Amino acid sequence: MEKYNPQEIEPKWQKIWDEPSYYKADIDKSRPKSYVLSMLPYPSGNLHCGHLRNYAIGDIFVRYRSMNGFNVLSPMGFDAMGLPAEGAAIKHGIRPDVWTYKNIENMTRQLKSMGLYYDWDREVITCHPSYYKFTQWLFELFYKRGLAYRKEASVNWCDTCGTVLANEQVIDGKCWRCDHEVHKKNLAQWFLKITDYADELLKDLDKLKGWPNRVKVMQENWIGRSEGAEFSLEIDGRAEKIPVYTTRPDTIFGITFMALAVEHPLIEKLIAGKPNEEEIRRFITETRNMSDMERTSSESEKKGIFTGEYAINPVNGKKVPIWITNYVLYEYGTGAVMGVPSHDERDWMFAKKYGLEIILVIDNPSAPLKLEEMDNAYTEPGIMINSGEFNGMENEKAKGAIVDWLEAKKIGARKINYKLRDWLISRQRYWGAPIPVIYCDHCGEVLVPEEDLPVELPDDVEFKQGALSPLSTSKKFNDVKCPKCGRPARRETDTMDTFICSSWYYLRYTDPHNGKLPFDRDKVNYWSPVDQYIGGIEHAILHLLYSRFFTKVLRDAELLDYDEPFTNLLTQGMVIKDGAKMSKSLGNVVSPEEIISKYGADTARLFILFAAPVERDLDWSDQGVEGSFRFLNRVWRIVGIFEDAIKSGVDEYDVETLNDEEKNLRRILHKTMKKVTEDLRDRFAFNTAISSLMELVNAMHTFQDKKINPDLAREVTKNLLKMLAPFVPHITAELWSKFFEGDIHKQSWVKFDEAAIVEDTVEIVVQINGKVREHIKVATGLTKAELEKLAPTIPRVQELTAGKNVMKIIAVPNKLINVVVK
RNA sequence: GCGGAUGUGGCGGAACUGGCAGACGCGCCGGACUUAGAAUCCGGUGUCCUUGUGACGUAUGGGUUCAAGUCCCUUCAUCCGCACCA
């Protein structure tokens with residue numbers, strides 16, 4: 001047989017698989033469906049190793065499930081809106097669409113060179129008007145359901161990107177994309193009301209049994225639900241009240257001051273005309289000028305300034321000073337906090353700094369507290385004191401009792417709060433889906449009528465960085481009449497966050513050519529939810545939270561019938577090299593394209609799946625790649641050596657005709673079939689599946705200079721190729737075509753024979769006091785009792801236990817005997 | 001600070017239910033083939049010593065057990081997430 005030459009065979013098979021009908025997915029209710037999806041890439045221009053890993057993992061699922069009779073949906077597309085395209089326009093004067101489509105073309109070629117199983121007929125490109133028409137349609141749906149609204153707000157602004165960002169897109173005070181510091185700006189912006197779904201998004205995390213815990217915990221933290229109470233304090237001598245939110249109503253008798261956020265709207269009234277008004281204003285300005293990072297760090301010093309006004313504690317009538325502080329956040333709760341220094345760490349620090357009063361209201365039952373001996377707040381459970389009728393109660397019980405009391409007196413009520421904020425979706429950029437809204441002086445905000453969608457991106461724009469979208473420079477775009485009254489009006493010139501595009505693409509795959517609706521309800525309900533989703537952990541909150549939100553809204557709009565979009569989620573680890581993430585600046589970037597052209601896609605796929613478990617980070621090793629290439633050569637060679645035997649063998653034969661060595665090989669084969677099946681089906685343990693396939697190939701090589709039973713050679717080769725097929729589709733297709741009928745990728749998965757795995761005898765370990773002292777061969781399946789009886793007859797046991805008392809004999813069938821002596 | 005994950009040879013990793021630690025691969029060493037090399041094939045490869053039917057060994061120290069990488073507690077290290085959310 002000729003040499004293994006991936007450069008020749010891979011393009012040959014890829015051409016066959018590129019036929020549109022080859023991987024076509026169609027609804028077939030007679031078979032179970034399986035929707036396997038990898039996160040779609042941004043078309044940056046080139047595939048990187050992370051993509052390679054992501055799609056290789058997905059391809060194993062797809063091919064394995066396909067061979068197991070599932071009706072598989074495996075689509076691919078491009079998340080093609082976004083800033084880099086616009087950056088290319090600004091820097092090099094290339095039109096964003098031209099730049100994007102050129103990149104898509106190149107990346108599609110690279111994807112195809114990986115030998116992946118995709119139904120390309122379902123390709124989704126989010127920047128195509130046929131797609132963003134429905135992104136806009138969905139925006140309108142949200143609007144009609146009261147879930148999209150425009151408001152003026154203090155928002156995150158990134159100077160480098162020239163646009164606002166959602167809270168989820170600010171990481172440690174920095175822009176998620178360019179890593180530059182973000183600052184606040186007041187702008188009128190569009191929001192989606194994700195907070196309406198906060199509770200369900202939190203609760204339904206419990207339904208996601210197939211998600212990594214880590215991701216669920218991150219989402220839980222992000223949603224940040226807390227239960228407490230809201231009540232108001234009157235201001236001494238004024239009509240206004242200050243509402244506060246607390247999760248510790250049990251400490252309400254311990255209030256000794258009030259703390260307001262610097263943005264609190266009441267401040268103006270409170271400080272007007274005060275002798276130190278200027279000083280107070282200076283404090284407010286200073287605090288507002290601090291970066292978000294500084295302001296929200298628990299490390300920063302707590303500072304404040306007294307307003308000269310007092311509030312009245314509704315439970316005991318106590319007058320407490322009202323302070324303006326730097327540590328109360330305006331965005332959370334009511335922007336005002338009751339100060340209980342005795343039982344809150346931050347209030348403690350603040351009170352100590354400014355010499356404010358501290359009153360204990362919870363005592364430590366095991367060691368009574370003395371204020372003068374305390375150097376921080378007491379935040380443990382305890383017994384209520386100094387709290388009127390609640391004295392003596394356990395504080396946990398008092399929480400409820402006090403809220404009941406507040407509710408009965410109509411002073412306050414139970415309240416649930418979330419850290420989650422509404423999703424800011426306006427972007428002052430060009431390369432996104434235009435927000436389909438028209439502003440009319442007479443009619444106000446008007447949706448673009450459905451029949452006028454999509455609102456297309458114009459090409460007469462100037463690309464410049466600034467606070468306004470480039471769309472505002474387009475004459476064509478802005479020349480519009482009000483759809484309601486026909487008078488001249490103007491368009492919204494902001495576009496939508498690209499995360500909107502990716503929040504529903506997995507649904508579009510189920511019905512990608514639908515021109516009337518985003519997708520057909522029957523189709524979406526047949527294929528989705530996604531059975532297996534694969535992608536990086538970096539989307540733990542962003543994309544995965546937004547998509548869950550979208551799914552729930554679409555369910556409520558009766559466009560689909562389920563609650564959660566991704567039943568099982570696999571977060572693959574990063575690909576690193578020399579201990580660091582691959583990056584141009586470190587010069588440790590590996591190009592998948594080069595690897596593929598040197599060794600072939602099969603080698604690249606095999607290496608990346610073998611080198612580490614899927615969830616863990618993978619250390620790229622050029623030598624490891626060589627090793628995978630060597631293995632494929634070994635496969636090729638041994639099949640070549642078996643060539644004549646395979647051809648003369650038959651599929652049905654009497655295994656009793658095999659000699660001992662051959663029986664041994666057959667046993668290894670069936671053991672491997674069992675192991676690989678279990679690894680793929682139950683554990684996603686692709687690395688160990690491959691290692692056992694290597695063992696099988698090693699075992700085959702013991703016959704390289706020996707005659708082998710042709711029927712066995714046929715059986716082994718056939719099953720080896722089937723098992724390898726999901727991992728290395730090209731070489732297996734090629735070898736299969738030389739010896740067997742049909743297409744290997746349409747064969748059914750291997751079936752192991754449990755009987756072939758069992759040996760007549762098994763080697764067991766003999767231990768004395770837990771230490772291995774002998775290995776003996778015994779008949780397979782000897783019972784515990786039989787082994788216990790056998791133990792004293794073993795010469796080595798007799799030798800080592802002579803003169804000692806045998807206390808106990810432990811036997812585990814087919815495993816070991818342990819003799820305990822004294 | 002809080003929450004989570006991880007820690008096993010020179011390296012990537014295996015050991016799934018407590019039952020021979022180190023599968024498989026890389027690297028390294030030796031051998032075969034070769035004029036030579038490459039490739040290939042075969043064998044070896046945790047540490048230590050007194051080379052044995054030996055001792056030790058899965059971050060640390062302890063515990064449970066006939067038996068612990070695996071279960072429980074302690075400490076440490078690394079990574080990730082959250083972090084003034086009242």
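Just the heavy atoms: all of them, side chains too, but no hydrogens, waters or symmetry mates, feed the values below. Labels below follow one simple rule: chain letters A, B, ... track the order of the sequence lines, proteins then strands, and each chain is numbered from 1. Model, not experiment: these values are computed from the prediction.
The shortest distance between the side-chain N/O atoms of A:Lys3 and the OP1/OP2 oxygens of B:U40 is not below 4.0 Å. A:Arg616 has no side-chain polar atom (N or O) that falls below the 4.0 Å cut-off from OP1 or OP2 of B:A5. The side chain of A:Arg630 contributes no N or O atom lying less than 4.0 Å from OP1 or OP2 of B:C41. Close to B:A86, at under 4.0 Å from its OP1 or OP2, lies a side-chain N or O of A:Tyr332. Distances shorter than 4.0 Å separate some side-chain N or O of A:Ser226 from OP1 or OP2 on B:A86. Contact between the side-chain N/O atoms of A:Asn687 and the OP1/OP2 oxygens of B:A14 is found at a separation under 4.0 Å. For A:Gln219 and B:C82, the shortest distance from a side-chain N or O to OP1 or OP2 is not below 4.0 Å. Proximity of A:Arg637 to the phosphate of B:C41: a side-chain N or O atom is located under 4.0 Å from OP1 or OP2.
B:G9 sits 7 Å from B:G22 when the C1' atoms are compared, rounded to a whole Å. Nucleotides B:C33 and B:G43, compared at atom C1', are 15 Å apart to the nearest Å. Of the P atoms belonging to B:A38 and B:G31, the separation is 13 Å, rounded to the nearest Å. Remark: the separation of the P atoms in B:U50 and B:A15 is 37 Å, to the nearest Å. Distance check on atom P: B:G4 versus B:U74 gives 13 Å, rounded to whole Å. For B:G81 and B:C26, the C1' atoms lie 33 Å apart once the distance is rounded to whole Å. For the C1' atoms, the distance linking B:U64 with B:C16 amounts to 23 Å, nearest Å. Nucleotides B:C71 and B:U65, compared at atom C1', are 10 Å apart to the nearest Å.
Atom NZ in A:Lys216 sits about 18 Å away from atom P in B:C82, given to the nearest Å. In this entry the distance linking CD of A:Glu695 with P of B:G22 reads 13 Å, nearest Å.
Here A:Gly627 lies in heavy-atom contact (under 4.0 Å) with sugar-phosphate atoms only. Base engagement by A:Lys302 is indicated by at least one non-hydrogen atom pair under 4.0 Å involving a base atom. Using a 4.0 Å heavy-atom criterion, one finds that A:Glu678 contacts no nucleic acid atom at all. Using a 4.0 Å heavy-atom criterion, one finds that A:Asn698 contacts the sugar-phosphate atoms exclusively. Contacts of A:Asp682 with the nucleic acid, taken as non-hydrogen atoms under 4.0 Å apart, are absent. Using a 4.0 Å heavy-atom distance criterion, A:Gln767 is classed as a base contact. At the heavy-atom level, A:Val819 lies nowhere under 4.0 Å from the strands shown. Residue contacts for A:Val812: at a heavy-atom cut-off of 4.0 Å it reaches a base atom on one of the strands shown. At the heavy-atom level, A:Arg796 lies under 4.0 Å from base atoms of the strands shown. A:Lys415 comes within 4.0 angstrom of nothing in the nucleic acid, heavy atoms only.
B:G62 shows a glycosidic angle more than 90° from 0 and is accordingly assigned anti.
Partner assigned to B:C56 is B:G46, using Watson-Crick or G-U wobble distances below 3.5 angstrom.
Residue A:Asn221 places no side-chain atom within donor-acceptor reach of the base of B:C82, judged by atom type and a 3.5 Å distance cut-off alone. At a cut-off of 3.5 angstrom, counting only N and O atoms as typed in the model, there is no donor on one side facing an acceptor on the other between the side-chain of A:Arg634 and the base of B:U40.
Using a 4.0 Å cut-off between charged side-chain N and carboxylate O, A:Glu695 and A:Lys675 make no salt bridge. Using a 4.0 Å cut-off between charged nitrogen and carboxylate oxygen, A:Glu626 and A:Arg630 do not count as a salt-bridge pair. Salt-bridge formation is detected for the pair A:Glu799/A:Arg796: a Lys NZ or Arg NE/NH1/NH2 atom is positioned less than 4.0 Å from an Asp or Glu carboxylate oxygen.
By the 6.0 Å contact criterion, NZ on A:Lys707 is open, its count of non-hydrogen atoms from other residues, nucleotides or ligands being 12 or less. Within a 6.0 Å radius of NZ in A:Lys671, no more than 12 heavy atoms belonging to other residues, nucleotides or ligands are found.
Of the residues A:Glu286, A:Glu301, A:Glu263, the one that meets the salt bridge (Lys or Arg N to Asp or Glu O under 4.0 Å) test with A:Arg295 is A:Glu263.
Figure legend: A:Lys353 and A:Phe350 shown without cation-pi pairing, the cationic atom not lying both under 6.0 angstrom from the six-membered ring centre and within 45 degrees of its axis.
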